[in-house]
Each structure stands twice: as C-alpha cells, then as structure tokens.
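Attaching a single structure in structure tokens format; questions to follow.
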Protein chains: 2
Amino acid sequence: MLSDVPDLTAHLGYWLRQVSNHVSHAFARKLAAKDVTVAEWALMRVLYGEQPTSPSRLAEHMGLTRGAVTKLADRLIAKGLIARQANTSDGRAQTLELTAKGEGFVPELAALADQNESECFAHMPDDDRKALERILRDAVARFGITAIATE
Amino acid sequence: MLSDVPDLTAHLGYWLRQVSNHVSHAFARKLAAKDVTVAEWALMRVLYGEQPTSPSRLAEHMGLTRGAVTKLADRLIAKGLIARQANTSDGRAQTLELTAKGEGFVPELAALADQNESECFAHMPDDDRKALERILRDAVARFGITAIATE
DNA sequence: TATTGTTATACTCTATAACTATA
DNA sequence: TATAGTTATAGAGTATAACAATA
C-alpha cells in the first residue's frame, strides 16, 4: 500500500512557483523579441545610472559567482551593450559599464517590464495586489535575501 | 540625462521571483543531498500512485516537450527509480512507471518538501499564509495555467 | 600569499528539429 | 502520411576549480 504523500498543491511553494514562473516566462518572451535574456536585463538594469562597477561587486549584488558574471558580461559586450575597462589604480581590477547603446536600450526594456507587470497583475483587485506585495516583502526580509534574483 | 526608469522593486514580479527562487533553491538543496533534482522529483511525484504513463501524457501534464521527458526519464532510469516499458498493443508507445525503489523513495522526498514548506512559511502569520494561497490560486486560474511548473 | 578576474569544464533545464519505428 | 518516442544539437544559467596577473 502507498504511503500518504501530500498532494503537490498542498504547498505554498508550489503555487508561488506556478505564478512566478508564468510571470517570468511571459517577461522572458518579451525580452527575447529584443534578443535579451532576463539575466542580461538584470545586469543592464543594475548598471543603469551607476558608476562603472567591478565584476566582483556585481556578482555579490546579483548572487552570482564571478565566473557567471564574466560569461554574462561577455555576451553583453558582444552585443555592444556594455563595455569592460581596466582600472587604472589596480592592474587586476576591471569595471563594467553600459555603452551609449546599452543606456538608450534600458528604458525600452523597462517599458516591457512595465507592460508585463500590468498584463499579469492588472486583473488583480487592488487590495490583493497590496497584500501580495506586503507579504512577499515581509518574506524577503525574513529570509534575509540581499541579492537580486536573476533566474 | 537618464530617462526615468522605475526601480526593479516596483514590480510584483520582482518580489515573486525573489521569494519563489529562495523557496525553490532551499528545496533543491535538500533534494540534492539525496541526489535528486526538482524536475526529477516532480516527475516521480506525478507517477506516484498512477498507472504506467506515456511520455506524451507526462510532457503535456508537466509543460515539457517529449524530448525533455525522455532526457529526464533516462536519468531516473539510470538511477533505478523509474522503468520504461513497451506498450503491448501499440508498438510505438512506451510507458513510464516508478520502480519499487522509486516508490519507496517518494515519501522520503515528500517529507523534505514538507520540511522545506514549514521552514519557509512557518514564520508567516496564519492570515497571511491563507491570503497568499488564495491570491496565488486565483492568479493561476486567471492565467489559465494547466501544467505543473518543474523549474 | 591573497585577491581579481578569466578560463576550463561540467551539469541541469529546455527547446527545435531530424530521425526511426510503427500505425 | 501521421504519430510516438528518441536522438542530435544548441543555448541559457549556474557552479566549481584551476589559472594568470597583480598586489
């Protein structure tokens, strides 16, 4: 006889994943039309309006390894959206920054983010939207999450 | 001058991803200790207590391509957790089912899922947990999501 | 020796498309 | 021809560990 195994749907984690994946995939499809991935967008968004930033700082801020940042950066450099520069005072250090092309692109991608947000949540009653945001923010604080999730 | 680009944190999608990723990663780490991935767990969970099921049906149910199911199944077969069998009436068709070993494993993994759920959400006030579940279930229904997310 | 960054390697997840066997 | 499934290929995302240059 089979043990009593709870249904998948018994878990909040399940419902979170269902909704989060739907929203993220919808956004990923919009970005793909501009030949950008969600991780690439996140890195560009982080650099927007900031001073040139080292891969290490970006890795920490985005919860990635330095190797992962290098790979992501290589792709964005190949697309002409960011630039890598040597630090003058420390021969080991590098910095990453948006190119003019990348900087001009960010608002366009941000508009897609807004569009996705509204397509996904406009239907939701105002009270629910507020409650959801509050509960999620509380959870992030409780979990002690400091890095931004790119996946 | 820079355009006015809203902060990442202005979007509900951002907060959902932060929380969902945290919960999923915490679960993935627990499963990894048993040498199982989340996608593998999802497939095993779907097969638990069911008749032998075709890859096509599984693909549809899990929102994957048939090729992805084949690959996932290959790994689970290599681990001795599921078995592939030819259908007697249709020479093209195959079915997948849990082995005895796989069936005995599911409750153990389900206990990890329960543990993860409680570690992640036990702190949450009862009202919030209920509200969160209701809001997420509503969203899933509104989005018309039918497949279970494995990612 | 320690640190910064890159490179090498590997694995999961996923897709698309070609292919094989059968219907 | 259509269908079921597998295989081939590819790319994103991620990690660990080795490495080179510099401090």
Side-chain angles (χ1 to χ4, degrees), chain A residues 17 20-22 24-25 27-29 31-32 34-43 52-79 82-97 147-151, chain B residues 17 20-22 24-25 27-29 31-32 34-43 52-79 82-97 147-151:
Chain A
R17 198 165 359 138
S20 175
N21 281 7
H22 176 89
S24 289
H25 285 162
F27 184 37
R29 277 194 298 275
L31 287 176
K34 307 278 183 182
D35 193 30
V36 171
T37 69
V38 175
E40 287 166 5
W41 153 250
L43 180 48
T53 308
S54 72
S56 322
R57 280 207 54 193
L58 290 168
E60 195 180 1
H61 187 45
M62 300 178 70
L64 299 173
T65 60
R66 287 172 298 161
V69 170
T70 295
K71 210 167 148 180
L72 206 48
D74 284 346
R75 277 218 312 277
L76 286 165
I77 290 167
K79 292 178 184 176
I82 71 171
R84 185 182 272 134
Q85 297 204 306
N87 184 311
T88 47
S89 60
D90 183 336
R92 297 168 302 181
Q94 300 282 321
T95 58
L96 297 170
E97 62 192 300
I148 67 169
T150 55
E151 254 168 294
Chain B
R17 200 167 358 142
S20 176
N21 281 8
H22 176 89
S24 288
H25 286 162
F27 185 37
R29 278 192 299 275
L31 287 177
K34 306 280 182 180
D35 193 31
V36 171
T37 69
V38 175
E40 286 166 5
W41 153 250
L43 180 47
T53 308
S54 71
S56 322
R57 281 208 53 193
L58 290 168
E60 196 180 0
H61 187 44
M62 299 176 71
L64 298 173
T65 60
R66 286 171 299 161
V69 170
T70 295
K71 211 164 148 182
L72 206 48
D74 285 346
R75 277 217 313 277
L76 286 165
I77 290 166
K79 292 178 185 176
I82 72 172
R84 186 182 272 133
Q85 298 205 304
N87 183 310
T88 46
S89 61
D90 183 338
R92 297 167 303 180
Q94 301 281 321
T95 58
L96 297 170
E97 62 192 300
I148 66 169
T150 54
E151 255 167 290

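Quick caveat: nothing in here was measured; it's all calculated off a predicted structure. In what follows, chains carry the letters A, B, and so on, assigned in the order in which the sequence lines appear, proteins first and then strands, with residues in each chain numbered from 1.
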message = Show the nearest heavy-atom pair for residues A149(A) and R17(B), with the distance to one decimal.
response = O-NH1, 3.4 Å
query = Roughly how many Å is it from CD in Q94(A) to C1' in dT3(C), rounded to a whole number?
reply = 14 Å
Whole-Å gap separating P (dA4(D)) and CG (L58(B)) = 14 Å
Whole angstrom value for the distance that separates P of dA12(D) from CG of D35(A) = 9 Å
key: Results of side chain to side chain contact (heavy atoms under 4.5 Å, CB included) for S54(A) - residues two or more places apart only   = S56(A), R57(A)
ask   = Separation of L31(B) atom CG from dT12(C) atom P, in whole Å?
value = 14 Å
Distance test, side-chain N/O of R57(B) to OP1/OP2 of dA4(D), below 4.0 Å = no
remark   = Value for CG (N21(B)) from CD1 (I148(A)), rounded to nearest 0.5 Å, stands at 11.5 Å
ask   = What heavy-atom pair brings V38(A) and T150(A) nearest, and what distance separates the two atoms?
value = CG1-O, 3.3 Å
inquiry  = Measure CD/E60(B) against C1'/dA4(D) and give the value in whole Å, please.
reply    = 14 Å
task = Quick one: which residue pairs count as a side-chain hydrogen bond (donor to acceptor under 3.5 Å, both in side chains) with a foot in residues 64-78 of chain B, not counting sequence neighbours?
result = E40(B)-R75(B), D74(B)-R84(B)
ask   = To the nearest Å, how far apart are I148(B) CD1 and dT14(C) P?
value = 11 Å
request  = Give the rounded distance in Å between these two atoms: CZ of R84(A) and C1' of dT7(C).
outcome  = 12 Å
note = Contact string for nucleotides 13-23 of chain D, one letter per nucleotide 5' to 3', B = base within protein heavy-atom range under 4.0 Å, S = sugar-phosphate only, - = neither, reads BBSB----BBS
inquiry  = As an exercise, state the distance from CG of L96(A) to CD1 of I82(A), rounded to the nearest 0.5 Å.
reply    = 4.5 Å
ask   = Over how many whole Å does the gap from L43(B) atom CG to dT14(C) atom P extend?
value = 12 Å
